[in-house]
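Read through the structure below, which is laid out as structure tokens, and then see the notes.
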Amino acid sequence: MRLVIAECQVDYVGRLTAHLPKARRLLLIKSDGSVSVHADDRAYKPLNWMSPPCWLVETTPESSGSPEDADGSQLWVVTNKAGEELRITITEIEHDSSHELGIDPGLVKDGVEAHLQELLAEHVETLGSGYSLVRREYMTAIGPVDLLCRDADGASVAVEIKRRGEIDGVEQLTRYLELMNRDPLLAPVQGIFAAQQIKPQAKTLANDRGIRCVTLDYDKLRGTESTEFRLF
């Protein structure tokens with residue numbers, strides 16, 4: 001991971017346009033290619049970002065020779081596969097460092113979330129008629145998807161399960177879907193965000209990204225759990 005603290009202006013050009021005036025900010029460049037812009041007044045959500053797959057090109061005064069760079073500024077252009085751009089104009093860098101974090105072991109779910117995953121895998125028809133389970137904890141390059149399923153038509157479906165559904169869970173599933181849809185053996189992959197409670201903001205974001213939301217009844221799932229004898 002690369003951490004850069006810089007005085008910068010940020011412009012997003014694509015389906016929507018957004019502008020951040022010049023200010024001191026933290027820029028995060030992760031090993032998966034993603035770039036995010038952070039201020040010091042939010043818990044976790046970036047001011048703007050570009051999700052992978054995307055590509056960063058850094059233009060310096062020495063490389064461009066452009067008159068616009070006479071003041072020593074730098075232009076970073078982050079482009080995704082749709083051609084959208086995150087353009088970061090840097091006037092001063094105060095800190096620039098890179099750190100190797102290694103492979104993250106992933107989030108350890110609490111007992112309720114883990115049991116929800118187990119129950120939903122056992123009763124995957126809760127998600128829809130004709131659904132079947134491919135596997136639990138389907139591994140991607142950035143972590144495991146809770147459930148990989150097939151719908152009645154045989155299409156791939158990635159399911160992210162939370163006890164309480166919030167925006168960060170939708171963002172997490174979005175990243176999984178972006179990676180999985182690059183695999184020709186899986187694509188196209190649809191997403192389902194399943195939780196006991198889903199906040200309105202998370203539901204709005206999920207709907208905007210074509211992700212279906214499913215509210216889970218934990219007690220009902222427990223009540224339908226199979227009573228057949230098991231070896232383990």
Side-chain angles (χ1 to χ4, degrees), residues 1-98 140-142 158 160 166-184 187-191 193 200-211:
M1 178 183 290
R2 182 180 175 190
L3 308 176
V4 178
I5 298 175
E7 190 88 12
C8 62
Q9 170 186 303
V10 182
D11 293 279
Y12 192 95
V13 181
R15 290 171 296 175
L16 302 173
T17 58
H19 172 72
L20 294 172
K22 186 167 67 173
R24 184 181 292 107
R25 299 186 176 95
L26 169 65
L27 310 176
L28 292 183
I29 303 93
K30 296 186 179 181
S31 59
D32 63 2
S34 63
V35 178
S36 55
V37 182
H38 296 261
D40 199 24
D41 62 345
R42 299 188 178 196
Y44 65 91
K45 185 175 176 61
L47 297 169
N48 215 325
W49 68 93
M50 187 71 82
S51 300
C54 59
W55 302 268
L56 168 62
V57 176
E58 301 179 37
T59 302
T60 62
E62 292 76 13
S63 63
S64 69
S66 171
E68 288 79 11
D69 289 326
D71 60 355
S73 64
Q74 299 181 34
L75 176 63
W76 292 9
V77 179
V78 189
T79 309
N80 65 14
K81 61 182 179 181
E84 298 174 312
E85 291 184 347
L86 186 66
R87 302 175 67 87
I88 306 173
T89 303
I90 299 174
T91 54
E92 180 184 358
I93 292 179
E94 298 182 11
H95 176 85
D96 188 345
S97 64
S98 297
T140 74
I142 57 173
E160 183 63 26
E166 300 183 356
I167 284 178
D168 56 348
V170 178
E171 295 284 8
Q172 181 182 358
L173 179 54
T174 299
R175 293 192 293 270
Y176 290 148
L177 290 171
E178 287 176 346
L179 283 176
M180 296 171 75
N181 273 303
R182 293 161 61 185
D183 185 341
V189 186
Q190 299 299 314
F193 188 53
Q201 300 93 329
K203 187 172 293 186
T204 298
L205 181 61
N207 291 337
D208 182 67
R209 296 182 176 181
I211 295 171

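Treat the numbers as computed from the prediction; the structure is a model and nothing was measured.
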So which heavy atom on [X] is nearest to which on [Y], and how close?
X: Leu86; Y: Trp49; value: CD2-C, 4.1 Å
X: Val189; Y: Ala158; value: CG1-N, 3.9 Å
X: Phe193; Y: Gly169; value: CE1-C, 3.6 Å
X: Val10; Y: Cys8; value: CG2-SG, 4.2 Å
X: Asp32; Y: Pro52; value: O-CB, 3.2 Å

Using a 4.5 Å cut-off on heavy atoms from C-beta on, say whether the side chain of [Y] contacts that of [X].
X: Gln172; Y: Glu166; result: no
X: Arg209; Y: Leu177; result: no
X: Val4; Y: Trp76; result: yes
X: Arg25; Y: Leu20; result: yes
X: Arg24; Y: Glu92; result: no
X: Ile211; Y: Thr174; result: yes
X: Pro46; Y: Val37; result: no
X: Leu27; Y: Val35; result: no

To the nearest 0.5 Å, how far apart are [atom1] in [X] and [atom2] in [Y]?
X: Ile5; Y: Leu26; atom1: CD1; atom2: CG; result: 6.0 Å
X: Glu58; Y: Leu75; atom1: CD; atom2: CG; result: 10.0 Å
X: Ser51; Y: Leu179; atom1: OG; atom2: CG; result: 10.0 Å
X: Lys81; Y: Glu178; atom1: NZ; atom2: CD; result: 6.5 Å
X: Ile29; Y: Ser34; atom1: CD1; atom2: OG; result: 9.0 Å
X: Leu56; Y: Met50; atom1: CG; atom2: CE; result: 10.5 Å

Arg2, CZ: over 12 other non-hydrogen atoms inside 6.0 angstrom
yes
Does Asn207 reach the main-chain N or O of Lys203 with its side chain, forming a donor-acceptor pair under 3.5 Å?
yes
Can a donor-acceptor pair be found, under 3.5 Å and without considering hydrogens, that links the side chain of Thr91 to the backbone of Glu7?
yes
What do the steps show when you test Glu84 against Arg15 for salt bridge (charged side-chain N to carboxylate O under 4.0 Å, His left out), and what is the final call?
CA-CA 7 Å; Glu84 298 174 312; Arg15 290 171 296 175; 3.1 Å; yes
